[in-house]
Amino acid sequence: MKTRVFVTLKTGVLDPQGKAIHHALEGLGFTGVNDVRQGKLIELDLADGTSNAEIQAMCSKLLANTVIENFRIETDQA
């Protein structure tokens, strides 16, 4: 079972990497970018039958720092 976890900083948390990307884009002449927030994508190949509760626990305990980050889970059950 393929699962993707998208981790992003919560609103209000400073994002220095996002600011650096934004500055670099402006330096390259891209003027239409108002803001950049940087995050991460984690792809998991899980055993069939892995419960949503287990995936949530993985995210809460390790994959995301829930004090400053949000996460969203997408699962392909084929």
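Values reported hereafter were calculated over all heavy atoms of this structure, with side chains retained and with hydrogens, waters and symmetry mates removed.
Within 6.0 Å of atom CG in Leu14, 12 or fewer heavy atoms from other residues, nucleotides or ligands are found, so the atom counts as exposed in its surroundings.
We find the CG-NE2 distance between Asn34 and His22 to be 6.5 Å, quoted to the nearest 0.5 Å. With values rounded to the nearest 0.5 angstrom, Thr75 atom OG1 is found 7.5 Å from Leu46 atom CG.
Considering only heavy atoms from C-beta on, Ile68 stays 4.5 Å or farther from Lys10 through its side chain. Leu9 places a side-chain heavy atom less than 4.5 Å from the side chain of Arg37.
Note on residues 13-32: pairs passing salt bridge (charged side-chain N to carboxylate O under 4.0 Å, His left out), not counting sequence neighbours, are Lys19-Asp35.
Both Ile21 and Val33 sit in one connected hydrophobic cluster of ILVMFWY residues. Membership requires side-chain heavy atoms under 4.5 Å apart, directly or through other members. With hydrophobic clusters built from ILVMFWY side chains whose heavy atoms lie under 4.5 angstrom apart, Phe6 does not share a cluster with Phe71. A single hydrophobic cluster is not seen to contain both Val13 and Val36; linkage of ILVMFWY side chains at heavy-atom distances under 4.5 Å, directly or through other members, places them apart.
In this structure, the salt bridge (charged side-chain N to carboxylate O under 4.0 Å, His left out) partners of Arg4, at least two apart in sequence or on a different chain, are Glu74, Asp76.
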Just list the side-chain donor-acceptor pairs under 3.5 Å for residues 55-65, sequence neighbours left out, or say none.
{"from": "Ser60", "atom 1": "OG", "to": "Gln56", "atom 2": "O", "distance (Å)": "3.1"}
{"from": "Asn65", "atom 1": "OD1", "to": "Val67", "atom 2": "N", "distance (Å)": "3.1"}

